[in-house]
Amino acid sequence: MWTPEQLHAIPQLLLEWYQANARPMPWQENPDPYYLLVAATMLQQTQVETVLPYLERFLQRFPTVCDLAEASEEEVLRYWEGLGYYNRARYLHRAAQQISRRHNGSVPCRVEALRQLPGIGEYTAGAVVSIACGKPEPALDSNGYRILARLLAFQKDITLSSSRRQLQEACRQILPEHAPGAFNQALMDLGALVCTAREPRCLVCPLAEQCLAFQQGLQASLPVLPPQQVGEKVQDVCAVIEHHKRWLMRKRTDGRLWHGLWEFPRVRVEEGETLEQAARRAASMVGAQVDGFETVAVVRHAVMHYSVTLHAIRCHLCEQPIEGSDTLRWVSPKEAQRLPLSSPMRRVLGKLMQTQKR
DNA sequence: CATCCGTGGCC
DNA sequence: TGGCCAAGGAT
């Protein structure tokens, strides 16, 4: 796999580059395992610049494992709102509760123990133990896989589990025992700053001389990735059901998209269906009969491979009132603002509040 | 192994 | 505007 020359030169050159070019991270002063656990979880599929303000707010509110374990899921989600992948927040919350009970409130520093916890995979466990505990474990993220694939001119799809295993093994062979945390972070910083997905800056790369892809002029066509799905355009409607200046909101509990977040009852517009018909269907989903439809907001957003136009349609409750429950509430505008919402639903609420003022 | 889960920035 | 991408993990 590696030539003897690469085996020695790569970790050396990478660590030297890292000493001069490391991006400052808030945990560098105090690499606490709990801090790293929260940070690594937030950083899953999410860029550093996006995470940092969330991380600060989150740790200020939940400074210890126990603070997080004792909080309500709804409050945890409120602090996660806007970061996406909300299962991460719910798993982290549960992990904190398990650490509280089974590990006396201190985050374990063994990969096998961490991997038992919900939401913690190979990357997150490796990041925590290597950075917070100095243990020689790889922490390969998409940056690491991309860099290793280019260094080795690796020709197979790097998202295959067989490829991942090979690249993890390759990483172990060059992982320095004395500085695993710095090495792992160096891979991520090099991937973010130099060995980028598009237009890698090979002319300033410390590993250019060791990189088989660069030598063969393949850096732009590696790594090999699977073909991706084509985007689909869809229309959604949410029903803003009003009654005595309150709105009927429901909590999503389908275990899928936006699980645990609140919304105005929402449906996908079906083929041949009008927006008003869809609004009736959204209302009937929570047992409400409505009339008096008026579009109050149109919000465009993207979810995964869908491109969504969300129409918020205000309507009035007719006939008997609807009973609230754990997952259904009549809320004042002020109460609505305090609920955890998805980003598009937060924008709908913002427009509603604007029109309310006038 | 395939699919699902968010969002914002960039070009 | 639309596609791509980012400190992945669960089912």
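Please read these numbers as outputs of a predicted model, since none were measured by experiment.
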key: Given DNA chain C, 5'-ward residue of the pair Leu117(A) and Ala39(A), judged by closest heavy atom   =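 The answer here is Ala39(A).
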
For [X] and [N], what is the distance between atoms [atom1] and [atom2] respectively, to the nearest whole Å?
X         : N       : atom1 : atom2 : answer
Met304(A) : dA10(C) : CE    : P     : 16 Å
Asp157(A) : dT3(B)  : CG    : C1'   : 15 Å
Glu49(A)  : dT7(B)  : CD    : P     : 19 Å
His305(A) : dC5(C)  : NE2   : C1'   : 17 Å
His259(A) : dA10(C) : NE2   : P     : 16 Å
Met42(A)  : dG9(C)  : CE    : P     : 16 Å
Asp189(A) : dA6(C)  : CG    : P     : 14 Å
Leu83(A)  : dG8(C)  : CG    : P     : 13 Å

Assign [X] to base, sugar-phosphate, or nothing according to its heavy-atom contacts below 4.0 angstrom with the strands shown.
X         : value
Ala302(A) : base
Ala40(A)  : nothing
Thr41(A)  : nothing
Pro344(A) : sugar-phosphate
Arg146(A) : sugar-phosphate
Thr196(A) : nothing
Glu122(A) : sugar-phosphate
Gly82(A)  : sugar-phosphate
Trp27(A)  : base
Ile120(A) : sugar-phosphate

As a test of reading the structure: which of [options] is closest to the side chain of [X], going by heavy atoms?
X         : options                 : answer
Tyr91(A)  : dA10(C), dT7(B), dG9(C) : dA10(C)
Arg256(A) : dC4(B), dG8(C), dT7(B)  : dC4(B)
Arg198(A) : dA6(C), dA7(C), dC4(C)  : dC4(C)
Ser161(A) : dT7(B), dG6(B), dC1(B)  : dC1(B)
Ala197(A) : dG2(C), dC5(B), dA6(C)  : dA6(C)
Lys233(A) : dG6(B), dT11(C), dG2(C) : dG2(C)
Arg88(A)  : dG9(C), dA6(C), dG6(B)  : dG6(B)

Using the ring of [Y] (Phe, Tyr or Trp, six-membered ring only), decide whether [X] places NZ or CZ under 6.0 Å from its centre and within 45 degrees of its axis.
X         : Y         : answer
Arg150(A) : Phe214(A) : no
Arg57(A)  : Tyr54(A)  : yes
Arg252(A) : Tyr86(A)  : no

task = For the pair Trp258(A) and His301(A), name the ring-plane relationship: parallel under 30°, tilted 30 to 60°, perpendicular over 60°.
result =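 Taking His301(A) first and then Trp258(A), their aromatic rings sit tilted (interplane angle of 30° to 60°).
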
ask   = For Glu169(A), what residues pass the salt bridge (charged side-chain N to carboxylate O under 4.0 Å, His left out) criterion, not counting sequence neighbours?
value =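 Scan of Glu169(A) (salt bridge (charged side-chain N to carboxylate O under 4.0 Å, His left out), adjacent residues dropped) gives none.
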
ask   = Between Gln47(A) and Leu160(A), who's closer to the 5' end of DNA chain B by nearest nucleotide?
value =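 It is Leu160(A) whose nearest nucleotide is closer to the 5' end.
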
ask   = More 5' along DNA chain B: Arg165(A) or Leu341(A), using each one's nearest nucleotide?
value =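 Result: Arg165(A).
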
Distance check: side-chain N/O of [X] vs OP1/OP2 of [N], anything under 4.0 Å?
X         : N      : result
Thr124(A) : dA7(C) : no
Ser343(A) : dG6(B) : no
Trp258(A) : dT7(B) : yes
Asn143(A) : dA7(C) : yes
Tyr86(A)  : dT7(B) : yes

ask   = Are the charged groups of Glu81(A) and Arg78(A) less than 4.0 angstrom apart, N to O?
value =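 Arg78(A) and Glu81(A): salt-bridged.
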
request  = State whether a side-chain donor-acceptor pair under 3.5 Å links Ser342(A) with Glu263(A).
outcome  =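 No.
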
key: Any donor-acceptor N or O pair under 3.5 Å, side chains Gln116(A), Gln98(A)   =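 Side-chain D/A pair, Gln116(A) to Gln98(A): absent.
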
ask   = In whole Å, what separates the P atom of dA7(C) from that of dT3(B)?
value =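 About 25 Å, rounded to a whole number of Å.
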
task = For dA10(C) versus dG8(B), give the span between their C1' atoms, rounded off to a whole number of Å.
result =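 The answer is 24 Å between these two C1' atoms.
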
inquiry  = Can you tell me whether the side chain of Thr46(A) and the base of dG8(B) have a donor-acceptor pair closer than 3.5 Å?
reply    =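 No.
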
